[in-house]
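Beneath this line is the structure, given in structure tokens, with notes to follow.
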Amino acid sequence: MSSRFYFLLFLPLCCLIQNVSLAELRAAESTLKAGAAAVDITPPVGSSLDGVISKNGPVTGIHDRIFSRALVLDDGQERFAICVNDLCMVERSYFDRAKEIVFKKTGLPVNRILMSSTHTHAAPRVPYGRAGKIDDEYYETLVQQIAKAIIQAQENLKPAQVGWGSFDAGKYAACRRFLAEKGSVSLNPFGVAGEQIKSVAGRSKSVIRPAADIDPQCSILSVQHADGTPLAILGNMSIHYCGGYKKGQISADYFGAYAKYLSEKLSAGKTYPPFVGMLSNGTSGNVGAVMKQDKGKYAAFEWIEESGKQFAEQSLKVIDKMDHKNNLKLAMIEQELALKVRRPDAKRLAWAQNILANPNQKTAHRWAKIYATEAVALSKYPETESIKIQAIRIGDLGIVGLPCEVFTETGLAIKAESPFDATFSMELANGSSGYLPTPEQHALGGYETWPARSSYLEIEAETQIRKTALKLLRKLHD
């Protein structure tokens, strides 16, 4: 046979060997590795559910299961984990315990782990809704399961590439605090006049305008395997929640619907661990629910599914145009910040005790008894609380972890002053320290500012938290 025949015979084999070698070479050259995992954290029927306002109570059924979703990134020098949980909020001590389990089992330092809650109102609020033994047992299991998500994500580490981008989702969001004319707002629960905020509904001729701007940006971090197969997507949107539940039903809200839709579209198949989608809550403490895009009527959970799908579809369009890279620098730092607690003074405490001792008396506000109870509870708080602020670097992307229900002004300010090309914040991260109004919003009033277990940090807390977050971002960037 001629030499030309042998050349043609072995040419396909040579090409195959070359293609395999190039794929292996690209994987070997990649300095970035990533792994993701999702672990079920659905509570049993009978456990305490946060619920929507005035509809909280025990779990009576499960509309959709809730998960702890984790993403681990490693560049050979630095490794950290981001864990997003389908929970209303979680007290810091529970997240800290989960981090310790991860450290003991994997060696990943606790200061390299960011854990957050999505703030779905159809899931537990740990441990604030505690009603008995069934809740305590669930909380113990929950801590283990959250840790398990990160442990599994680390076990799934493989060569990877990442990209990021965003789209304008402003049509879905609206500020739920409304600035009203002076003298038009009634006394607050403590009998004090002078506030200018009408919250949530804002239906009044005295309303001037929304009290703050929204953050319209939906940010997306896309993680792929070295060959371009989808590995994980982390979205971030500053909308409080979606809602439209049935009482007693567990649901991950639109955060879970987003993750579910992405998983259905991007399932990696048998060659890799399952794809993991996740949507974190940005800075939405003063933003309402996901706004419907039509005038149609939706059955319970229907708009949740539809809005999650719409966010996911828009995310995929952005990802299609992304430039994914595998040689990005990773870094993470955190700082403890001691803040004062707004405990009641002697006069406020005496007012509260009088209200509670005489429950049938006429009060200045229909919520006076509620805030009297809150005042007594706050009187037992320590004078200060230590919170954790975190910052993450992924190439030219910056991520901030904040432990409160943060107002949009703070998120927008951090984005504007960040040294990174792109930045987003994750609220209710590593704890749940109540609403975080700016000092200017504190002066306007509204229930998000009223001293209670839902809003208790000092008035200047936002200023200190924002400055600390920006300082950490600059340190990472420099």
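Sequential numbering from 1 along the given sequence is applied to the chain's residues.
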Tabulate below the donor-acceptor pairs under 3.5 Å that side-chain atoms of residues 337-346 make, not counting sequence neighbours, or state none.
{"residue": "R342", "atom": "NE", "partner": "L457", "partner atom": "O", "Å": "3.0"}
{"residue": "R342", "atom": "NH1", "partner": "T449", "partner atom": "O", "Å": "2.9"}
{"residue": "R342", "atom": "NH2", "partner": "T449", "partner atom": "O", "Å": "3.1"}
{"residue": "R342", "atom": "NH2", "partner": "S455", "partner atom": "O", "Å": "3.0"}
{"residue": "R342", "atom": "NH2", "partner": "S455", "partner atom": "OG", "Å": "3.0"}
{"residue": "R343", "atom": "NH1", "partner": "Y381", "partner atom": "O", "Å": "3.0"}
{"residue": "R343", "atom": "NH2", "partner": "E383", "partner atom": "OE2", "Å": "3.4"}
{"residue": "D345", "atom": "OD1", "partner": "K347", "partner atom": "N", "Å": "3.3"}
{"residue": "D345", "atom": "OD1", "partner": "R348", "partner atom": "N", "Å": "2.8"}

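- The main-chain N or O of G235 is found under 3.5 Å from a side-chain atom of S280 such that the two form a donor-acceptor pair.
- Counted by atom type alone, D135 and S47 present zero donor-acceptor pairs between their side chains at under 3.5 Å.
- At a threshold of 4.0 Å, the pair R69-D86 counts as salt-bridged, since one of the basic side-chain nitrogens sits closer than that to a carboxylate oxygen.
- Classification of the Y172-F311 ring pair by plane angle, with boundaries at 30° and 60°, yields tilted.
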> Can you check side-chain contact (heavy atoms from CB on, under 4.5 Å) on N111 and K388, steps first, answer last?
Replying inline: CA-CA 10 Å; N111 64 357; K388 183 176 291 188; 5.8 Å; no
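- S251 and Q249 share no donor-acceptor pair across their side chains, judged by distance under 3.5 Å alone.
- A side-chain N or O of N430 and one of K99 form a donor-acceptor pair less than 3.5 Å apart.
- The shortest distance between side-chain heavy atoms of E313 and Y261 falls below 4.5 Å.
- To the nearest 0.5 Å, atom CD of residue Q464 and atom CD1 of residue I389 are 10.0 Å apart.
- Between Q310 and Q293, the closest side-chain pair of non-hydrogen atoms falls below 4.5 Å.
- Looking at E336 and S386, their side chains do bring a donor and an acceptor atom within 3.5 Å of each other.
- Ring orientation note: the planes of H365 and W367 are tilted relative to one another, at an angle of 30° to 60°.
- Between the side chains of T120 and T118, not a single donor N or O lies within less than 3.5 Å of an accepting N or O.
- In summary, the side chains of T438 and Q441 do not present any donor paired with an acceptor at a separation below 3.5 Å, with no hydrogens or angles considered.
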